[in-house]
Structures are given as C-alpha cells and as structure tokens.
Amino acid sequence: MNDNMEERYSFEFLNIAVSVFVFTCFLGFFVYLFISGAGDLAASQNGGIGLIEIGSLLLFLSLLMLSFISERFFWFILPFSVFSIPNAVNAFFPSIRMGEAYINPFFSLFTHIDIFLLCGLVRFASFFKRVQQDLLVIFAVFCAYFIVFYLSLGGEEYLVSLMGGFQLRYFILLTALFLFANPLNYQRNFLLGLVFGCVVTTVEAFVFSYINTVPDRLASGNFGVNYLGHLMAAASIVAIFFLKETKGLARIAWFVIALLLLCVMIMSGTRSSVLFFIIASSVFLFFDKFSKGLLFVAALMTVGVLIFFYVYSNFGISLSIGVTDIVSGKEDASLYRTAETSSLITRLFTWYKTYYMYLDYNLLGAGPGMWSYLKLDYGIPYVGLLDPHNDVLHYAVSYGVFGLFFYLTVYLKPIFQYLRNEKYKVRVNLLYFSLLIFFFMASFVNSLTWKHQFAMLVFWFSLTLTCSIKKSVNTNV
C-alpha cells in the first residue's frame with residue numbers, strides 16, 4: 001500500500017515537473033523570439049503587441065501547463081483553449097500575408113494549436129502500444145505526402161503553403177494522438193471543453209460587437225460572422241446531447257446553455273447555420289427512431305420543397321437568372337443580383353471561376369494558401385476574399401488529387417462507416433454522425449476547415465467516429 005502511494009506521489013510530482021519544464025521552455029522560446037528580432041518582425045506584421053496579445057500568451061501558457069497534469073485535463077483544455085483564446089496569441093510568431101492585397105491580414109507560419117497538439121503528443125503518447133492498422137496507413141500516407149509536398153516547393157510559394165497548410169499539420173498530429181494516446185477515453189472531457197469554450201466565445205462576441213458597433217449582426221473577433229454561427233450551431237447540438245443525458249438541476253443548466261448558444265447562432269444572422277442546424281439536430285433526435293424507408297421519404301419531401309421554392313419563389317427566380325448570367329460568361333459587375341441573392345450569387349461566381357483554377361492545378365495543386373494569391377488571375381475581383389467559401393474546391397485547388405482524397409477521408413469516410421455499422425449506433429456516435437452531417441453541409445458554403453480552429457474540431461469528430469466504430473467499442477459517455 002505504501003509502495004503504491006509512493007508511486008502515485010512520484011508520478012504526480014513527475015507530471016508537475018514536466019508541466020513546469022514545458023512552461024519554462026516555451027517562455028524561453030518567446031523570449032528568444034524577441035531577442036533574435038523574429039518576435040519584433042512578427043509583432044510589426046501583426047500590428048504590434050498590446051495587452052490582448054500579452055494576455056492571450058499568458059493564458060495560453062497557463063492552460064498548456066495545466067494540460068500536462070493528466071490526459072483528462074489535456075482533452076478538456078484543448079477545445080477550451082482553441083475556442084476561447086484570441087487569435088492574438090499567434091501575433092508572436094513569424095507571419096506572412098494571406099493575399100497580395102495590402103488589406104489582406106497576416107497569418108502565422110505555425111500556430112498555438114500546433115504547439116498544443118505537439119506537446120500533447122510528447123506528453124501522453126505511448127509509441128509501443130498496439131495501434132489501429134488502417135489508421136496507421138492513413139497516418140503514413142499523410143506523412144509521406146507532407147514530406148514530398150513541401151520538398152517540392154520553394155521560395156515564397158513554400159512560405160505561403162506553410163502558412164496555409166495547417167490542415168495537414170493538424171490532421172497528422174491528431175491522427176498520431178489517436179494512434180498513440182487515449183482520446184476515446186476522454187470524449188466527455190473534450191465535449192465539455194468545447195461547450196465551455198463556446199460560452200466564453202459568446203461573451204467575447206457580445207463585447208466585440210458592442211465595442212466595434214457591428215450593425216445588425218452579432219460578430220466575433222476570432223470567428224467573424226459566418227463561422228460564429230456555425231460554431232454556435234455545432235455547440236448547440238452538443239448541449240442538446242448533454243441535455244438528454246442529464247437529470248435534475250444539471251438538465252436545467254444544460255437547457256439554459258443550449259438556449260444561449262442557439263440565441264447567439266440566430267443573432268449572428270447566418271442563415272445557412274440555422275438551416276443546417278435544423279437538419280443536423282433532426283438527424284440527432286430522430287435518426288434512430290424511424291425506419292430508413294421513412295427517413296428516405298422525408299429526405300425526398302425536403303428536396304421537393306426546396307425545388308418548388310427554387311422554381312416558384314422570387315428568391316429562386318432571381319437566383320436562376322444570376323446562375324444563367326454566370327454560366328453565360330458575364331463578369332461580376334454584370335451579374336443579376338437582389339438583396340436576398342447577392343451573397344449566394346457571389347459564392348456561385350467564385351466557385352465557377354475556382355473550378356477553372358482547379359483545372360490548371362488538378363494533379364499536384366497550387367499549394368495551400370495560394371488561392372488568394374491566384375484569384376485575380378482567374379477573374380475573381382473580390383480583393384478581401386481569402387478563400388472560395390467551399391471546402392471541396394479549396395482542397396482540390398490547394399492539394400490537387402490528394403486534396404480530394406483528404407476531403408473524402410475527413411467528411412465522407414466516417415459518415416459511410418457509421419451508416420454501414422448498425423450495431424454501433426450508440427447515442428454519442430449518433431452525435432458525432434449528426435455533427436459531421438452539419439459540417440459536411442457547411443463545407444459547401446464556407447471553406448470550413450480553412451478556419452484553423454474549425455480544422456482541429458472537424459478532424460477530431462471525424463477521427464473519433466472512425467476509431468469508435470472501427471474498434472467496435474461502446475463509447476457512450
């Protein structure tokens with residue numbers, strides 16, 4: 001008994017020692033950035049260092065140190081830090097502009113999420129454990145592509161692709177964590193960290209909108225408008241999951257949290273978030289209660305209503321005229337638009353032009369981050385636009401054929417795995433399935449995983465559902 005207690009205390013002391021060591025190392029790293037001048041360069045590129053940047057850095061380092069106490073802490077703090085720490089923390093890192101125009105912002109060559117995932121891998125990975133073979137193959141393929149891809153680049157193209165290629169890095173690091181650590185044991189911690197991180201984001205959004213007098217819509221300094229709506233919609237579905245799983249006072253608390261998140265989603269004014277939330281939450285609430293035939297009929301009826309709306313409503317008629325203009329080769333200034341269809345017409349025009357960009361880079365891709373540098377050459381006149389607002393096109397242009405494989409691996413592989421494995425439809429897997437349905441739909445109207453916080457989130461849900469089903473474990477939390 002005494003030996004066990006000594007072992008336990010020794011282990012806890014080791015955890016604390018490692019946490020302090022990592023904290024000291026990264027603090028020394030940031031000091032080095034300033035001494036070497038790299039920090040000053042990064043600061044000048046990102047508009048200087050102020051209280052928000054310093055506060056964000058200290059918060060990040062504190063959370064990083066706490067995450068080393070145990071793996072349970074790590075998987076709670078990871079989503080909490082990703083969605084609550086301002087992007088200002090990355091102002092300390094060397095950066096590059098996200099497009100050729102002066103108004104385009106800078107983005108760092110690596111991020112605090114890179115550091116967090118890498119530290120988690122160093123701290124909690126057991127490289128001698130038995131691993132899932134198909135996931136190991138995916139990990140090997142992505143690592144090989146990563147090495148070959150970046151060896152083939154040079155000059156400014158290399159730096160731009162390093163800045164824009166966080167999807168590859170995050171996916172590789174998360175896959176390694178799923179291979180060599182134990183994330184499936186801490187799913188509840190991750191979900192709780194996500195929701196509480198989003199609650200912090202709601203406060204930030206109200207403060208940001210008040211200070212900056214944002215008209216009509218609620219906006220976030222971290223996520224803007226559309227991504228704020230998508231984030232709150234996804235977090236609302238998670239809150240509904242906990243609402244169904246709890247009782248008593250805890251259920252009332254989850255009801256209040258779900259209502260708060262839904263209100264923020266609506267106040268963001270993102271129509272697609274509301275539509276996709278209704279569909280995804282319906283999947284979560286009703287998918288396991290009705291037969292496939294009835295669900296298929298319901299899906300057909302939904303499609304029929306949308307077609308009727310498109311053909312006979314004023315919105316559909318004006319949209320049809322705009323689409324005809326795009327296909328006939330008219331430029332942006334000549335396209336038919338109304339107040340209701342303007343945003344969608346802009347997207348459709350951008351997608352149409354991006355398709356021709358893909359045809360020129362269909363094999364190896366232009367490189368992640370390069371779309372914004374190439375858009376003017378393909379007749380896309382929106383100087384401030386940083387991405388094509390479509391995940392599949394963005395992956396295709398950035399990574400070529402491999403980009404399409406990447407997209408299918410992240411979104412469709414786990415969705416079809418779930419549909420094929422009836423007996424593993426436990427409630428938490430249904431939650432992940434519903435969220436991936438939501439992200440999949442959202443990926444067609446926004447470059448969802450090109451917002452780096454969303455990349456980490458979508459990849460985690462994708463890998464969790466894949467591993468839960470493949471290992472045939474009951475992951476009900």
Side-chain angles (χ1 to χ4, degrees), residues 191 194-195 198 223 225-244 258-259 261-311 313 315-316 319 340-341 343-344 347-348 351 389-392 407-408 410-420 425-449 451 454 457-458 460-462 464-465:
L191 295 174
L194 169 63
V195 172
C198 290
F223 300 102
V225 174
N226 292 340
Y227 288 107
L228 177 65
H230 295 331
L231 177 61
M232 293 301 141
S236 297
I237 297 173
V238 176
I240 291 170
F241 165 76
F242 281 113
L243 176 65
K244 290 175 68 66
L259 189 62
L261 297 173
L262 283 171
C263 287
V264 174
M265 176 192 74
I266 294 169
M267 292 174 69
S268 74
T270 309
R271 292 171 293 182
S272 59
S273 296
V274 177
L275 174 62
F276 300 152
F277 167 79
I278 293 171
I279 295 172
S281 59
S282 299
V283 170
F284 174 63
L285 293 171
F286 305 118
F287 187 82
D288 58 348
K289 292 180 173 58
F290 298 101
S291 66
K292 285 185 177 179
L294 190 60
L295 291 169
F296 181 70
V297 170
L300 284 180
M301 290 176 64
T302 303
V303 172
V305 170
L306 291 175
I307 292 174
F308 180 85
F309 180 75
Y310 176 78
V311 173
S313 69
F315 176 89
L319 183 62
E340 294 79 15
T341 62
S343 176
L344 189 51
R347 277 177 165 82
L348 291 170
W351 299 343
H389 281 53
N390 184 293
D391 244 359
V392 64
Y407 181 85
L408 293 174
V410 168
Y411 288 105
L412 295 183
K413 181 177 180 289
I415 287 174
F416 282 111
Q417 271 187 311
Y418 180 83
L419 292 173
R420 287 199 308 267
K425 287 183 181 175
V426 293
R427 186 173 295 277
V428 73
N429 280 355
L430 178 57
L431 170 67
Y432 302 149
F433 172 73
S434 305
L435 286 168
L436 283 175
I437 292 290
F438 174 84
F439 293 138
F440 176 68
M441 292 185 293
S443 75
F444 282 96
V445 295
N446 285 102
S447 293
L448 197 64
T449 52
K451 185 70 172 175
F454 269 88
L457 185 65
V458 174
W460 186 89
F461 282 120
S462 176
T464 300
L465 184 57

So which heavy atom on [X] is nearest to which on [Y], and how close?
{"X": "Ser443", "Y": "Tyr411", "answer": "CB-OH, 3.7 Å"}
{"X": "Ile237", "Y": "Ser281", "answer": "CD1-N, 4.1 Å"}
{"X": "Phe438", "Y": "Ala233", "answer": "CZ-CB, 3.5 Å"}
{"X": "Ala258", "Y": "Ser236", "answer": "O-OG, 4.1 Å"}

Going by atom types only, do [X] and [Y] share a side-chain donor-acceptor pair under 3.5 Å?
{"X": "Thr449", "Y": "Asp391", "value": "yes"}
{"X": "Ser447", "Y": "His389", "value": "no"}
{"X": "Ser268", "Y": "Thr270", "value": "yes"}

Check the angle between the aromatic planes of [X] and [Y] and answer parallel, tilted or perpendicular using the 30° and 60° thresholds.
{"X": "Phe444", "Y": "Phe440", "value": "perpendicular"}
{"X": "Tyr227", "Y": "Phe454", "value": "tilted"}
{"X": "Phe287", "Y": "Phe433", "value": "tilted"}

Less than 4.5 Å apart, any side-chain heavy atom of [X] and any of [Y]?
{"X": "Leu412", "Y": "Leu436", "result": "no"}
{"X": "Phe277", "Y": "Leu262", "result": "yes"}
{"X": "Ser273", "Y": "Asn226", "result": "no"}
{"X": "Lys413", "Y": "Leu408", "result": "no"}
{"X": "Cys198", "Y": "Leu261", "result": "yes"}
{"X": "Val238", "Y": "Tyr432", "result": "no"}
{"X": "Leu465", "Y": "Phe461", "result": "no"}
{"X": "His230", "Y": "Asn446", "result": "yes"}

Next item on the list: Take Val458 and Val410 through the side-chain contact (heavy atoms from CB on, under 4.5 Å) test and state the conclusion after the steps.
Entry: CA-CA 8 Å; Val458 174; Val410 168; 3.7 Å; yes
Note to self: Applying side-chain contact (heavy atoms from CB on, under 4.5 Å) to Asn390 and Arg347, what does each step give before you reach the verdict?
What the structure shows: CA-CA 8 Å; Asn390 184 293; Arg347 277 177 165 82; over 6 Å; no
Next item on the list: Return yes if some donor-acceptor pair links the side-chain N/O of Ser434 with the main-chain N/O of Leu430 below 3.5 Å, else return no.
Entry: yes
Note to self: With side-chain contact (heavy atoms from CB on, under 4.5 Å) as the criterion, how do Leu285 and Lys244 come out once you've worked through the C-alpha distance, each side chain's angles and the decisive distance to 0.1 Å?
What the structure shows: CA-CA 10 Å; Leu285 293 171; Lys244 290 175 68 66; 3.8 Å; yes
Kindly compute the distance separating [atom1] ([X]) from [atom2] ([Y]), expressed to the nearest 0.5 Å.
{"X": "Leu431", "Y": "Ile240", "atom1": "CG", "atom2": "CD1", "value": "10.0 Å"}
{"X": "Leu228", "Y": "Met265", "atom1": "CG", "atom2": "CE", "value": "10.5 Å"}
{"X": "Asn429", "Y": "Gln417", "atom1": "CG", "atom2": "CD", "value": "10.5 Å"}

